[in-house]
Asker: 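Structure in structure tokens, see below.
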Amino acid sequence: MKVTKFGGSSLASAAQLEKVLQIVKEDASRKFIVVSAPGKRSSEDIKVTDLLIAYYNTYLNNENTTEITGKIVDRYEAILDELGLDKEILNDIQQGIQKLATLPKQDNPHLFDAFLASGENNNAKLVASFFQQRGLKARYKNPSDLGIIVSDEPGNARILTSSLSKINQFKTTDEILVIPGFFGFTEAGDICTFSRGGSDITGSIVAAGVEADIYENFTDVNGIFVAHPGIIHEPKTIKELTYREMRELAYAGFAVLHDEALMPAYRANIPVVIKNTNNPEHPGTLITTSRTVKHDPVVGIASDQGFASIYISKYLMNRELGFGRRLLQILEELGLSYEHMPSGIDDISIILREEQLTIEIEEQLMERLERELEPDELRITHGLSMLMVVGEGMRQRIGVMADSTAALAFNKINLEMINQGSSEVSIMFGIREDQEKKAIQALYKTFFEVE
Ligand code: ASP
């Protein structure tokens, strides 16, 4: 049995919904359908979730909400009209949207979440009604009835493990259950959403809960590319990769799947496949515990900008007891989290996300490091990009590091830092942001253009 999630672009218009119907119809094991809110129909269009944010702000500022609620209802109505569906469900959707503007504004930490969640909730109702009218035995299922229980962290909820056994009770359903993604309910019964893009998380939780054979995530690309298509023209798609490889790539900016979405499926050992609603015949990208395609040492190359590196060197650092602890304590006391910490005998670098460093924080940080650690050398470099060459296969293959550095050197890319994580799933290079594009192109050529 399969859990199948469709993203916003797969549900943005009647034409897209027809494709979704075909996909669901052609495989009877697709029993759990998780949906996002309608997304963009074109690049200028606005996602329903973003319209709901505008609605929330209008309501909060005591402005007239007629126009914005009209725009939101219109999105659902247009889909129903184009599909030629019975519009009974529209009343329900319209009332639900209007009722949001009667919820209390004071002492209501879940208000924003209630607005946002309505996007997927109404869409699940619409999709269920569409499936029924086209002859499928389908039903809308609210996350609270299904047992999606989450932590009380508005806008950033996490799933509670108690959910899984509750969801498991629906495992043997003979109907198709259409479930809204992106939100759950707290133990006290309040609505709470995951962070943006969180419908992927719902799909993964449901898959884990019902012990699905596979979690299918339908989006608008053929799968995960080996490198960013903005940098490489028509890059190859990855056929298969492991959860760990995916995690590394996602960390460095591969945003096909929500960062937190893999965890429930991973823990339950359920493979995840990324597929294209617009090209369902394409096999997509499979994410599993271990891959069968073993000959490729590198599966992908990713990069992310906005890092700073603090270099600290002190003669005999290795003998100085508590040096690392004091360093980390300074970071902690300034509320700074670090990403990487490569070290040598007498030196250490701290790589952190630059967005955390306001001018004042940076001044305090450098002053405290100087005073409390008394280093021989201390400097900060801004504007770094982290380049990741990812692949479990590199553990068995000699020369991945050599090939990477040779390609970078040949293209005159200066390496500010090299770090190979202890797990040997990736090699990371710190380079200057303005050299990022050239570096990715050089590595792509080395690992993916040779036969
Ligand atoms: N609709 C929500 C968003 O735009 C959640 C999702 O689509 O996954 O963030």
Side-chain angles (χ1 to χ4, degrees), residues 2-12 16-17 19-20 23-24 30-40 46-53 75-76 79 112-128 140-151 153-159 163 167 176-185 191-210 212 214-221 224 246 250 254-265 270 272-277 284 287:
K2 295 174 178 167
V3 171
T4 308
K5 182 251 165 182
F6 292 96
S9 60
S10 304
L11 302 158
Q16 290 302 86
L17 276 166
K19 294 180 194 166
V20 166
I23 292 168
V24 175
R30 293 188 170 125
K31 282 276 184 266
F32 298 87
I33 309 299
V34 177
V35 298
S36 280
K40 292 180 176 194
I46 306 175
K47 286 172 112 183
V48 165
T49 308
D50 292 323
L51 291 174
L52 287 162
I53 294 176
R75 283 296 309 267
Y76 294 103
I79 296 173
F112 186 57
D113 296 40
F115 272 71
L116 253 57
S118 75
E120 341 301 278
N121 201 39
N122 287 322
N123 212 25
K125 289 180 184 171
L126 186 152
V127 171
Y140 155 80
K141 192 85 187 155
N142 188 286
S144 114
D145 299 335
L146 193 69
I148 301 188
I149 329 266
V150 297
S151 62
E153 293 170 89
N156 198 20
R158 276 168 305 122
I159 187 73
S163 298
I167 300 171
I176 295 172
L177 300 183
V178 183
I179 304 152
F182 192 35
F183 68 97
F185 288 83
I191 201 161
C192 249
T193 71
F194 302 116
S195 54
R196 288 296 304 265
S199 297
D200 287 341
I201 306 177
T202 307
S204 185
I205 293 160
V206 176
V210 301
I214 194 160
Y215 168 32
E216 299 178 309
N217 192 295
F218 276 86
T219 172
D220 51 11
V221 285
I224 298 165
M246 183 65 232
F254 272 40
V256 179
L257 207 68
H258 190 292
D259 242 7
E260 294 163 43
L262 275 185
M263 194 43 99
I270 295 166
V272 180
V273 65
I274 312 288
K275 284 183 69 84
N276 190 353
T277 302
I287 310 168

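Since this is a predicted model, take the numbers as computed values, not measurements.
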Asker: Going by heavy atoms in the side chains, are I287 and V273 under 4.5 Å from each other?
Answerer: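 No, side chains not in contact.
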Asker: Would you compute the distance between atom CD1 of I79 and atom CG of N123 and round it to the nearest 0.5 angstrom?
Answerer: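 These two atoms lie 6.0 Å from each other.
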Asker: Can you name the side-chain contact (heavy atoms from CB on, under 4.5 Å) partners of K19, sequence neighbours left out?
Answerer: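 For K19 the side-chain contact (heavy atoms from CB on, under 4.5 Å) partners, ignoring immediate neighbours, are Q16, T277, N278.
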Asker: Could you work out, with side-chain contact (heavy atoms from CB on, under 4.5 Å) as the rule, every residue matching S151, not counting sequence neighbours?
Answerer: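 If we apply the side-chain contact (heavy atoms from CB on, under 4.5 Å) test to S151, skipping adjacent residues, the hits are E153, A157, R158, L160.
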Asker: Passes side chain to side chain contact (heavy atoms under 4.5 Å, CB included), E260 versus S204? Steps please.
Answerer: CA-CA 9 Å; E260 294 163 43; S204 185; over 6 Å; no
Asker: So which atom in Y76 and which in S118 form the shortest heavy-atom distance, rounded to 0.1 Å?
Answerer: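 Y76 and S118 have their closest heavy atoms at OH-O, 3.9 Å.
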Asker: May I have the step-by-step check of side chain to side chain contact (heavy atoms under 4.5 Å, CB included) for N217 and V34, ending in yes or no?
Answerer: CA-CA 9 Å; N217 192 295; V34 177; over 6 Å; no
Asker: Using a 4.5 Å cut-off on heavy atoms from C-beta on, say whether the side chain of N122 contacts that of L126.
Answerer: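 Not touching, per the 4.5 Å side-chain cut-off.
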Asker: Going by side-chain contact (heavy atoms from CB on, under 4.5 Å), name the residues that satisfy it together with A207, two or more places apart in sequence or in a different chain.
Answerer: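 Result, side-chain contact (heavy atoms from CB on, under 4.5 Å) vs A207: V3, A212, Y215, I270.
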Asker: Which value, rounded to the nearest 0.5 Å, describes the distance between T193 atom OG1 and L116 atom CG?
Answerer: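 T193 OG1 to L116 CG: 6.0 Å, rounded to 0.5 Å.
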Asker: Provide the closest heavy-atom pair for A37 versus T49 in the form atom of the first, atom of the second, distance.
Answerer: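 Taking every non-hydrogen atom into account, CB-OG1, 3.8 Å.
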Asker: Rounded to the nearest 0.5 Å, what separation is found between the CZ atom of F182 and the CD1 atom of I191?
Answerer: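 Rounded to the nearest 0.5 Å, the CZ-CD1 separation comes to 10.0 Å.
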Asker: Once ring pair (Phe, Tyr, Trp, His ring centres under 6.0 Å) is applied, do any residues pair with Y140, and if so which ones, sequence neighbours excluded?
Answerer: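 Here no residue qualifies.
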Asker: Can you measure from NZ (K2) to CZ (R30) and round to the nearest 0.5 angstrom?
Answerer: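 Nearest 0.5 Å value for the NZ-CZ distance: 5.0 Å.
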Asker: Write down the atom of N276, the atom of T219, and the distance for their closest heavy-atom approach.
Answerer: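 The pair with the smallest heavy-atom distance is OD1-O, 3.4 Å.
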Asker: Please name the pair of heavy atoms, one in G147 and one in I167, separated by the smallest distance, quoted to 0.1 Å.
Answerer: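 Smallest heavy-atom distance, with atoms named: O-CG1, 4.0 Å.
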Asker: At their closest point, which heavy atom of V35 faces which heavy atom of E120, and how far apart are they?
Answerer: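 V35 and E120 have their closest heavy atoms at O-CB, 3.8 Å.
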Asker: Kindly check if the number of other-residue, nucleotide or ligand heavy atoms within 6.0 Å of CD1 (I46) is above 12?
Answerer: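 Atom CD1 in I46 is not packed in, count stays at 12 or less.
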Asker: If I take atom CZ from residue F112 and atom SG from residue C192, how far apart are they, to the nearest 0.5 angstrom?
Answerer: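 Atom-to-atom, F112:CZ and C192:SG are 12.0 Å apart.
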Asker: Could you check F194 against T202 for side chain to side chain contact (heavy atoms under 4.5 Å, CB included), going step by step and ending with a plain yes or no?
Answerer: CA-CA 9 Å; F194 302 116; T202 307; 3.4 Å; yes
Asker: Quick one: closest heavy-atom pair of G155 and D113, and the distance?
Answerer: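 Residues G155 and D113, closest heavy atoms: N-OD2, 2.7 Å.
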Asker: So do the side chains of T4 and V24 get within less than 4.5 Å of each other, counting heavy atoms only?
Answerer: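 Not touching, per the 4.5 Å side-chain cut-off.
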Asker: Side chain to side chain contact (heavy atoms under 4.5 Å, CB included), that's the test. Do I274 and L257 meet it? Break it down for me.
Answerer: CA-CA 8 Å; I274 312 288; L257 207 68; 3.7 Å; yes
Asker: Residues in ring pair (Phe, Tyr, Trp, His ring centres under 6.0 Å) with F218, at least two apart?
Answerer: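 Checked F218 against ring pair (Phe, Tyr, Trp, His ring centres under 6.0 Å); matches are F6.
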Asker: Which residue pairs pass the salt bridge (charged side-chain N to carboxylate O under 4.0 Å, His left out) test with at least one member in residues 194-209, sequence neighbours excluded?
Answerer: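 For residues 194-209, and leaving out neighbouring residues, the salt bridge (charged side-chain N to carboxylate O under 4.0 Å, His left out) pairs sorted by first residue read K5-D200, D50-R196.
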Asker: Mind checking the CD1-CZ spacing from I179 to F32? Nearest 0.5 Å is all I need.
Answerer: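 I179 atom CD1 to F32 atom CZ measures 6.5 Å (nearest 0.5 Å).
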